Amino acid sequence: MTGHLLEVENLSVRFHSRGKIVDAVRSVSWHLDRGETLAILGESGSGKSVSASAVMGLIDTPPGEILSGSIRFDGRGILGLSAKDQRELNGRRIAMIFQDTLAALNPVHTLGHQISESMTAHGIPAERARTRAIELLARVGIPEPERRFNEYPHQFSGGQRQRVMIAAAIAMEPDVLIADEPTSALDVTVQAGILKLLKELQAENGMGILMITHDLGVVAEIADRVVVMSQGEVVEQGPLAEVLGAPRHAYTRRLLEAVPGRHGYPAARDLSSEALIEIRGLSKYYGVSAGVLKTPTGREIKALDDVSLTLNKGEVLGVVGESGSGKTTLVNTLLGLVDPTKGEVLYRGKSMLGPGNREIARNVQVVFQDPTASLNPRMKVGRIIAEPWAIHRGVLPRAEWPRRVAELLEQVGLRPEHADRYPHQFSGGQRQRIAIARALALKPEVIICDEAVSALDVSIQAQVIQLLKDLRRDHGLSYLFIAHDLPVVRDFADRTIVMQGGRIVESGITAEIFEHPRHPYTQKLLASRPVEERMRGHITEPAE
Amino acid sequence: MSIFRMAGLLCGVAIGSVVATSAFAQDDANAITIVTPYAFDNIDACNSSSEVGLVVRENVVEALTHLNPESGKPEPRLATSWEQVEPTVWRIKLREGVTYFDGSAFDAEAVSRSIERMFNPKLDCLNRGKLFANIRLTPKVVDSHTIDISTEKPQPLMPIFMSFLTIESPKTDFDAMTSTPVGTGPFAIPQRNAGDAIVLVRQDKYWGEAPAVSKATYVRRDESALRAAMVEVGEADIGLNIAIQDATNPETDPGYLNGETTRLRFSFEGPLADIRVRKAMNLAIDREALRDGLFNQDYAIATQMFLPRINGYNPDMKPWPYDPEQAKSLIDEAKKDGVDVGAEIPLISRINFYANGQETMEAMIAMWQMVGLNVKLQPMERAQWLKLVNKPYAEPRPAMLIQEQHDNNSGDATFTMHFRYHSTGQQSEFGDPELDRLIDAADAASGDERVKLFQQANAYSAENVVPDVMMFHMVNYMRISDRLEFKPDDVTSTMMELSQIKFRGTN
Amino acid sequence: MRSYFRQRTMQSAISLFGLVVLVFFLARLTGNPTDLLLPVDTPLAVREEFAARHGFDQPMLVQFGRYLLDLLQFDFGESLRDGRPALQMVLQAFPTTLLLSFWAMLISLVIAIVTGSIAAWRPGGVFDRIASLISLAGASIPNFWIAIVGVLVFSVWLRALPTSGTGTPWHWIMPVTVLFVRPCGVLTQVVRSSMIDALASPYVKTARARGVRSRVVIFGHALRNAMLPVVTVAGDQAAGMVNGAVIAETVFGFPGIGKLMIDSIMFRDFAVIQAAVMVTAVAIFVLNILIDLAYALLDPRVRHG
Amino acid sequence: MSDMTHPTAAAKPPREHALAEAFLMLWRDKFAFLSACFLLLVVIAALFGPSLLPDQALQMNLRGRNAPPFELERGWLYILGADNMGRSLLARLVIGSRYTLMIAGSAVVLALVVGTILGLIAGYRQGRIATIILRGADILMSFPSLLLALIVLFVLAPSVGNVVLVLALSRVPVYLRTCRAEVLEIRERQFVKAAKVLGASHARIVFLHILPNVVPTLMTLATLEFAAVMLSESSLSFLGLGVQAPAVTWGLMVADGRGYLASAWWLSFWPGVAISLTAISANLMANWIRTATDPAQRWRLEKRTRA
């Protein structure tokens with residue numbers, strides 16, 4: 001019997017889903033002590049959250065099935081507790097927070113109610129729970145806690161909701177806080193705040209934190225020890241410095257290798273000054289409406305405010321901004337999905353906007369963020385890629401389509417026979433490759449990458465960026481590369497533009513922006529991601 | 001307001017209303033409930049020749065004469081005697097000492113006003129449309145209890161007409177229908193709003209013998225099974241129009257001729273223009289099998305369109321025999337002469353016309369099929385069917401059979417004969433000079449001569465014209481509670497005198 | 001809120017006008033009331049006189065114009081059958097149907113919510129199977145059949161309930177039953193499936209992670225969210241109640257609007273048909289507003305959206 | 001981890017395999033399996049019954065009126081008894097299945113097609129056309145279906161086709177609204193945006209991108225509606241506005257037999273059972289389809305397929 005606070009030993013869990021049996025985790029063991037932070041690092045499908053769910057008794061059987069293993073908390077076996085005993089534990093001794101705060105909070109109850117509930121569920125009288133809840137709201141940094149106690153989840157921002165979730169979780173001063181990707185959906189600046197809050201709270205009450213994440217940056221920021229998981233197994237675990245500094249397992253090494261922003265800036269190239277896309281004074285205002293029927297209120301939101309930029313031939317132009325910065329509106333306007341309030345968009349000197357300019361628009365293609373959503377689930381890959389030719393008749397004779405589809409698939413690193421499959425049969429990274437193949441079908445000069453790698457795991461991210469680089473080299477493409485995060489841009493973009501509140505706040509050569517940010521916002525953005533710096537502290541030298 | 005409080009409030013309202021409607025309850029041993037399929041939308045006295053008569057006729061508003069249900073002869077009611085003083089004028093003596101429920105006196109003025117009101121063009125009086133469309137009655141008060149009624153042409157049937165002249169109170173609105181008719185009858189309708197249940201209450205001031213029933217409530221239920229069930233469980237005392245299959249016990253579920261006679265009318269077109277085909281179609285029908293199979297022995301096989309009690313009924317006529325062989329040979333004959341006997345003949349039936357109507361049509365079609373005729377059922381909704389029934393007919397008129405039902409409750413054949421068999425009749429399909437002559441002569445005659453001429457016309461039509469496939473004199477069933485003593489008769493379908501109802505035993 | 005009502009009313013007014021036009025002309029396609037109201041043997045002259053008295057001899061557009069003018073003065077015309085004002089007849093019949101529908105809906109909802117929730121707790125379990133089968137059966141039996149069998153069993157054989165009519169609360173049991181069986185079956189299915197979704201949602205997981213009791217998880221967290229689709233379907237079912245009520249009212253002799261409507265349709269009593277359709281449409285309009293309000297009550301996002 | 005691995009379902013099941021798997025999944029859910037068997041039986045009856053029993057259902061035998069069920073002396077055809085004209089109820093059920101299925105099926109298909117097209121338009125093209133369509137649906141919703149039935153019956157004569165028309169018309173708004181709601185959601189999806197960016201025409205977006213994604217929902221709805229339409233048809237018959245003899249449907253049989261419930265219950269009992277069983281089967285099948293096509297629920301049907 002060991003003295004660990006929480007200990008998982010040899011846990012194997014199996015799920016019956018989607019027509020097959022998935023061994024979600026196999027023989028997973030780890031432990032957590034009071035006052036320490038353990039990070040479980042893994043990419044999607046690695047099974048990193050499963051053991052935590054098992055701790056909380058959240059694995060429904062069926063479809064789940066616990067094959068073997070044990071979980072001990074405070075020396076007591078807690079796997080397979082009765083529902084009543086599990087309830088005693090949940091919330092009171094072990095608490096948990098989740099990634100998608102909008103879904104994880106009940107939309108029809110006030111946040112105050114939901115915080116109080118974690119106390120009333122454990123026998124605290126309602127009145128006391130309320131007082132404590134308001135204290136907690138204040139503690140996690142929600143202004144005007146008295147008033148906001150009675151508000152609903154949708155009235156809070158994502159960061160605030162995560163703070164509220166934390167408030168509810170620490171209400172009973174638990175011994176363990178499990179945080180399942182708590183910051184992944186948040187903007188970087190907000191992320192930093194949440195991590196800071198967690199560290200403070202841990203310092204205050206000495207709880208153990210189990211941080212489940214895919215993000216090396218978060219791990220580097222907060223963890224004492226790291227468990228690295230891949231495909232349901234623990235591949236490596238140890239103290240942070242050891243794992244990051246001297247990874248023993250090849251997977252860990254690959255993971256570290258793939259982290260963006262570690263490879264220096266793109267070599268300064270001789271950029272042509274042949275402007276492909278010119279945006280001049282582009283603005284888009286939205287009237288604000290309210291109520292069930294969206295009655296206009298007369299107020300206006302400036303989604304884009306006098307934005308001008310130029311994309312030259314062969315160039316990669318990074319556009320970075322957090323949510324609300326106007327980057328999405330910028331893309332939609334470029335693609336003709338939204339009419340600008342004023343300003344113009346020129347392609348080789350001709351206006352791209354308006355219905356008559358389909359042929360011009362052909363030269364500008366797009367790859368969207370979510371490859372799952374951007375491919376029609378009921379079309380075969382071959383048809384998806386060939387669709388541009390079906391729309392633009394005359395570009396390619398129909399007889400040529402299969403051959404060209406095969407070519408394109410090979411160009412993006414897939415195989416010709418994949419043309420006969422449906423998108424759901426591919427992984428996320430493969431789907432993004434399909435989307436890229438579709439974008440290439442019309443041989444465009446410009447590809448707009450609208451957060452094209454944001455939804456992908458880091459290792460996949462690196463591969464897709466490499467593909468984009470290769471394509472630029474082979475086809476002389478130019479990219480307008482939109483991202484919410486600076487590191488991705490760092491080793492890919494020749495020039496970078498930083499947007500905030502619909503305006504361009506800073507632009508310049510990428511290296512310049514990173515090394516000498518002038519605008520306070522850029523500085524803040526960089527400061528929020530001290531990851532690279534911190535990681536550099538841990539990582540001695542990338543292993544060959 | 002929370003949704004729960006709102007629901008609570010609605011619950012309260014709902015419970016309150018249920019309790020409120022249950023507040024009235026009556027416990028009178030001599031009160032009865034009659035359940036009918038009829039809506040009784042408008043029970044004004046001048047509609048008394050329809051099923052409204054079930055409620056008001058002779059119960060609330062009395063007529064001048066009353067037809068004997070067996071002989072069909074007029075007997076005194078509000079009129080004590082009558083005579084034809086001139087060919088076009090009848091003088092009528094009225095009963096004295098009769099008062100209305102509302103206190104007004106019954107006199108010649110009241111009769112005169114009632115007749116004038118029936119002819120008031122502002123009112124949709126069914127009695128006027130049904131009986132007096134072509135006969136204008138002009139009343140003239142002679143003295144307080146004597147009145148002359150004159151017509152343009154001699155009117156031998158006046159005493160029969162008088163049985164439809166229900167005389168309502170002179171206080172009745174002259175220009176509007178009423179939902180609370182006031183008459184001289186043994187029952188009165190207490191003040192009610194249109195749409196409320198109809199309740200008849202015994203009137204103590206009635207001039208005649210006091211009826212046993214003290215109160216009668218008429219309720220409506222559409223389902224025959226339900227009407228039967230209501231009498232069975234004691235919720236009602238009389239259930240009208242019970243389906244044949246529910247009339248299982250002859251003691252409690254008596255049948256009575258409802259005055260209706262059914263037939264299929266031929267349009268004289270195409271193959272049906274040939275009398276041999278029409279005859280063959282009659283010969284091919286096994287009416288007894290139909291009756292026993294689909295109806296029962298209470299139904300009478302009809303030889304003519306009205307009941308035996310009507311003036312002009314020819315008792316010597318025999319129903320068509322069932323002789324498919326002869327039918328076949330007639331058809332062959334016609335075929336040789338170039339008649340297109342293979343043509344598809346539509347049978348226009350009316351949806352929900354009478355019980356088992358659809359099945360009867362199907363059975364008849366099967367019988368015709370056996371002699372090689374191709375008849376096809378074409379069911380129609382009432383309004384659509386009506387377009388084919390009445391003149392002016394749309395041209396060209398196709399060869400077809402039309403399902404029909406007719407009731408002559410008046411007592412005289414003319415209503416039926418002229419309409420259907422005279423070349424000018426609104427529902428006639430043919431013109432036969434000899435038949436026209438017979439009917440015209442009968443119309444002008446009176447007494448035995450009239451009866452004889454109508455009998456001749458009927459016989460002539462059946463033998464030489466064959467305008468239809470005669471079917472049955474139809475029967476209604478009612479279910480009567482065993483605490484009542486009541487025997488329905490031929491006229492019960494339009495008039496049910498509550499005074500005829502007695503209670504069994506002492507209670 | 002005011003603009004919401006204004007827009008809602010505008011929309012409904014347009015629909016209502018369309019409905020008036022449609023009903024007016026389509027109803028007149030179904031034949032002349034002259035033929036139907038008067039006996040078959042009525043002479044032609046009498047028919048013509050009748051038609052002229054009620055204006056049926058006028059061109060259709062003239063008739064419609066007159067009707068609209070009257071309507072503007074809130075005059076819905078009179079019943080051909082008994083001369084009463086059509087609106088009065090409809091308003092007299094309406095409460096019965098409203099009450100019948102109210103009880104039927106209330107009982108359906110209560111049963112559906114309880115059964116559906118329990119069934120959703122263990123989908124595929126024994127209770128779920130049985131509840132599903134019964135609710136499906138309930139939704140699959142012709143309701144007039146239930147009505148007549150109900151009378152035979154409960155009134156004639158068992159003598160437990162009155163056959164028909166109004167009066168005591170006992171009289172309401174069978175009609176309400178006939179009316180609620182189908183919506184109840186449908187709603188149970190909806191509650192079940194939307195509860196299964198709700199119980200699988202992240203916020204339920206969160207609540208369980210907080211140690212909240214199952215009962216509170218089901219009724220406090222999942223149910224309220226699951227009610228949103230239920231409210232929509234319940235609204236549709238309630239709006240369709242008039243059609244269902246026709247059967248119950250016909251069999252049990254309930255003087256409701258369904259019965260009034262079918263009688264008027266059969267007799268081409270146009271004024272009453274039009275008034276009944278309009279009153280029903282207005283009721284459905286009010287019902288839709290109530291549903292929107294219920295939505296707003298249940299879901300704060302709608303309230304603030 | 002690499003995205004260069006082969007697609008997850010690399011060994012893609014060929015078509016026959018998929019069918020076999022579907023059958024296995026059906027077999028797992030015993031209720032759904034029984035439903036499928038019953039529906040198959042009904043369909044077979046509808047397809048071949050009329051040619052096997054051409055006359056038995058119409059042949060009257062006035063001596064054998066209302067013959068009770070479960071008596072074999074009249075032959076197996078009378079196992080379920082005879083109706084009020086002595087016709088074999090079993091034969092009539094078989095013959096009736098054709099019209100019943102035809103009416104319910106055609107009404108559902110007609111309403112589905114019209115409702116879907118209008119729903120696509122109303123959902124995809126906002127503005128005046130959508131408003132007109134939606135107001136039209138409102139009107140149709142508050143239009144009494146009985147009046148509709150009467151109008152069609154009167155203007156177009158009571159044929160099977162017109163009963164279909166009435167039933168279809170009154171159900172169009174259901175599909176219209178569902179379809180529109182789905183379209184409103186799907187048109188905001190990224191693959192639609194992607195198609196727009198490629199310059200796809202409206203027709204292409206609607207028919208190739210949106211429609212295929214709406215179809216599964218509508219198919220489930222249609223299966224449910226099938227049962228509802230069958231019941232509506234019998235209600236119409238009850239009120240005398242439905243199919244007219246000599247055509248036979250189960251609804252008409254129930255309606256005609258209701259007068260005999262006290263004396264010969266089997267007249268309306270068997271067709272009632274047929275309607276209810278078909279409706280229940282259709283509903284169970286709809287549930288099964290919904291489960292089988294929902295990745296989150298599908299395991300329930302697959303639990304033992306590969307264990």
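Letters go in sequence order (proteins before strands), and every chain restarts at 1. For clarity, every value in this text was computed on a predicted model and none was experimentally measured. For the numbers below, each heavy atom of this structure counts, side chains included, while hydrogens, waters and symmetry mates do not.
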* When you measure from the side chain of A/Gln86 to the backbone N and O of A/Met56, does any donor-acceptor pair fall under 3.5 Å? -> yes
* To do: Measure distances from C/Val216 to the heavy atoms of chain A and classify the residue's part below 4.5 Å as side chain, backbone, both or neither.
  => side chain
* Asked: Using 4.0 Å as the upper bound for N to carboxylate O, is an ion pair formed by A/Glu173 and A/Arg92?
  -> no
* Asked: Are any non-hydrogen side-chain atoms of A/Met172 and C/Arg210 less than 4.5 angstrom apart?
  -> no
* Note, A/His109 side chain near C/Tyr203 side chain (heavy atom, < 4.5 Å) -> no
* Side chains of A/Arg163 and A/Phe156: closer than 4.5 Å at any heavy-atom pair? -> no
* Flag the one option from C/Ala209, C/Ala198, C/Gly220 with the top tally of heavy-atom pairs under 4.5 Å to chain A. => C/Ala209
* Return the set of residues passing ring pair (Phe, Tyr, Trp, His ring centres under 6.0 Å) with C/Phe25 (not counting sequence neighbours), or none when no residue passes. => C/Phe64
* **Electrostatic pair A/Glu88:A/Lys84 at N-O distance under 4.0 angstrom** => no
* Asked: Hey, which of A/Thr110, A/Leu105, A/Asn90 has the most heavy atom pairs under 4.5 Å with chain C?
  -> A/Asn90
* Asked: Where does A/Leu102 contact chain C at under 4.5 Å (heavy atoms): side chain, backbone, both or neither?
  -> neither
* **Heavy-atom side-chain proximity of C/Leu68 to C/Phe24 below 4.5 angstrom** => no
* Can you pull out the residues in residues 275-288 of chain C with any heavy atom less than 4.5 Å from chain A? -> none
* Out of A/Ala169, A/Ala104, A/Gly91, which one racks up the most heavy-atom pairs below 4.5 Å with chain C? -> A/Ala104
* Asked: Of the backbone (N, CA, C, O) and the side chain (C-beta and beyond), which part of A/Gln114 lies under 4.5 Å from a heavy atom of chain C, both, or neither?
  -> both
* Decide whether a cation-pi geometry holds between A/Arg130 and A/Phe149; the criteria are a distance under 6.0 Å from NZ or CZ to the six-membered ring centre and an angle within 45° of the ring axis. => yes
* Using non-hydrogen atoms and a 4.5 Å limit, figure out which bit of A/Met165 sits close to chain C: side chain, backbone, both or neither. => side chain
